[in-house]
Amino acid sequence: MSKAAVYDASSITVLEGLEAVRRRPGMYIGSVSTKGLNHLIYEIVDNAVDEHLAGFCNTIYVTLEADGSATIEDDGRGIPVGMHEKGVSAERLVFTTLHAGGKFDDTAYKTSGGLHGVGSSVVNALSTYLTVQVKHGGHLYEDRYERGNPTIELVDGLLPVVGRAKGSGTRINFLPDDTIFDRTRFKEDEIKSRMHETAYLNPALTIVFEDKRKEETEHIEYHEPDGIIGFIKDMNKSTEAVCDVIYFKGESEGISVEGAFQYINEFHENVLGFCNNIYNSEGGTHLTGFKTAFTNIINTYARELNILKEKDANFTGADVRNGMTAVISIKHPDPRFEGQTKTKLDNQDASKVVSKVTGDELVRYFDRNLETLKNIIGCAEKAAKIRKTEEKAKTNMLTKQKFSFDSNGKLANCESKDASKCEIFIVEGDSAGGSAKTARNRAFQAILPIRGKILNVEKASIDKVLANAEIKTMINAFGCGFSEGYGNDFDITKLRYDKIIIMADADVDGAHISTLLLTLFYRFMPELIYEGHVYIAMPPLYKAMPSKGKEEYLYDDKALDQYRKRHKGPFTLQRYKGLGEMDADQLWETTLNPESRILKQVEIEDARMASEVTEMLMGTEVPPRKAFIYEHATDAELDI
Ligand code: TSJ
């Protein structure tokens, strides 16, 4: 069959549309990194979730296949395979039409909520192949695409029947295109966490996850009948709760609102927003509405109860959310998004409605549960007290800081003042720091040696963090200040270096120091990471010196294996134990010279996961940390 045979006139624009997706994939899925890759699965799963919301699907199966493809299956009604007005099956339209988000409002395919899952054609365009199987009316139908192009001929505009089937449902199998994505291995941790979250938000749904790439198939069933209450309980399971989970819901102006929260004995807040069951990592109007109403309620009660006296200032929003874990989930008929990653809910009516529901429902709750209310106000009082102490400490520090920058003895700054060209290396140890100072190109490379292990900021209180000399030097050198729970004095536009490069030995201690530094950045200067300024230098592990031919630096054991295979004849192998063993020339050549070095760029896939991971890695609990480090030890993502 010639390819032309399967395109009719109406599908020509369609194919041009999908070609656009292949040309600029980032526009449609955010990026072609692992994050974009995982996104393909979510786009498909969202369709099945829509079918669940429509009341026709109970179970979704998500399988990472041994061959690298993914399969998603549901037990819904099956995508309509019959003839659609335009002369093609509805199924073909789903996978070949780019729709901006309005869906095709005039077809049978408009889903119950018309909520999400608009990206099936995008997934199709970015897949080497994609097969669709639909069970319906006793028949099994099948369709297939390659890089978005259909390869099966329709019979009178209908999909061919390939067999018989019991029940109904849809099954999609696709292989991401390795000419589009940097790497095509799905990251199971992020997928599992997203599927679990989807289960919490849809308490009647079961999601069966399988990873067949593992030696022994991993099988997990996510079913969370307690919904977002269970979500909160799980997030807080390893900490001491200050009160029970409080749940409320309500509806107004066609928007339904559901919220749950609990206080724990910690000094941070974790408030997550969802719209139509999709997580909004940049928050938005639903969270603003909740926060405004909540701050008002607590301040009003605190005055009524005379906990806040007439002369006292109100609690701030951050005060009243001190220790709070919350989920706000709304259903909106026409959600709009803004923000860098288009994940910030923008509908003004959402703010109004969430505010109203929160106000009405929580006043009703607190009137009947005065003890809980008093506990919560207690958390706010603690936060306010700490905030005031810190405000004082910070003013003191900042005034001192103004004079301390120049006398910042250990920093060997670069000559250029053009931040876009400058780099700062944070080097473990004074001796390596010394070599690096000699080796560097002082025109644009600054060196900041740090001694031993810096403070673990996940465990230390803020005043200790700010008192730490190494940390102060870093904050001074970067030039942007820092942000923490109670205010944001961080200004990325003042950053003095385009690249902040962590340079530590390639051993366990080195890894620990890198983790400590990343924790510091993530907690107090997260924009540095979000905006891609943070890198990890990769010094070589070996130098291979053949008796004939050129010396070569090898950066990991895989490179050594490859060298052994590639290189016939004898060679001497030098193993570097630390940066200190290299002379200045070697250090320049292997680690500093932009032409020949290898840097790993630090990227955060998912802020929530990252937060959990830093807590897990740097917090006081030991066992999960070990498992995580082992699992990811071979996962380095190389850049440049
Ligand atoms: F399962 C899945 F993830 F693979 C998947 C399921 C992927 C995609 C792209 C779609 C679906 C899907 C679609 N599951 N169920 C449906 N349902 C419909 O498309 C459907 C069926 C019947 C009717 C009707 O009005 O009779 C309407 C719709 C929207």
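As the structure is a computational prediction, the values presented were derived from the model and not from experiment. Just follow the structure's listing: the first ligand is 1, and inside any ligand the first atom is 1.
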**Item:** Those atoms of ligand 1 less than 4.0 Å from some heavy atom in Ser120
**Value:** 9 (C)

**Item:** Between Phe290 and His286, ring centroids under 6.0 Å
**Value:** no

**Request:** For Arg213, check salt bridge (charged side-chain N to carboxylate O under 4.0 Å, His left out) against everything at least two apart and list the hits.
**Result:** Glu188, Asp211

**Message:** Under 6.0 Å between ring centres: does that hold for Tyr365 and Phe248?
**Reply:** no

**Asked** Is ligand 1 under 4.0 Å from a heavy atom in the side chain of Phe56, in the backbone, in both, or in neither?
**Response** neither

**Request:** Report yes or no: does a heavy atom of Cys57 sit under 4.0 Å from some atom of ligand 1?
**Result:** no

**Prompt:** His52 and Asp74: side-chain donor and acceptor closer than 3.5 Å?
**Reply:** no

**Request:** Could you list which atoms of ligand 1 come closer than 4.0 Å to a heavy atom of Ala48?
**Result:** 1 (F), 3 (F)

**Request:** Would you indicate which of Arg171, Glu73, Gln133, Arg77 comes nearest to atom 28 (C) of ligand 1 when only heavy atoms are counted?
**Result:** Arg77

**Message:** Which of the numbered atoms in ligand 1 are under 4.0 angstrom from any heavy atom belonging to Phe95?
**Reply:** 9 (C)

**Request:** Tell me, please, which residues at least two apart from Glu73 pass salt bridge (charged side-chain N to carboxylate O under 4.0 Å, His left out).
**Result:** Arg171

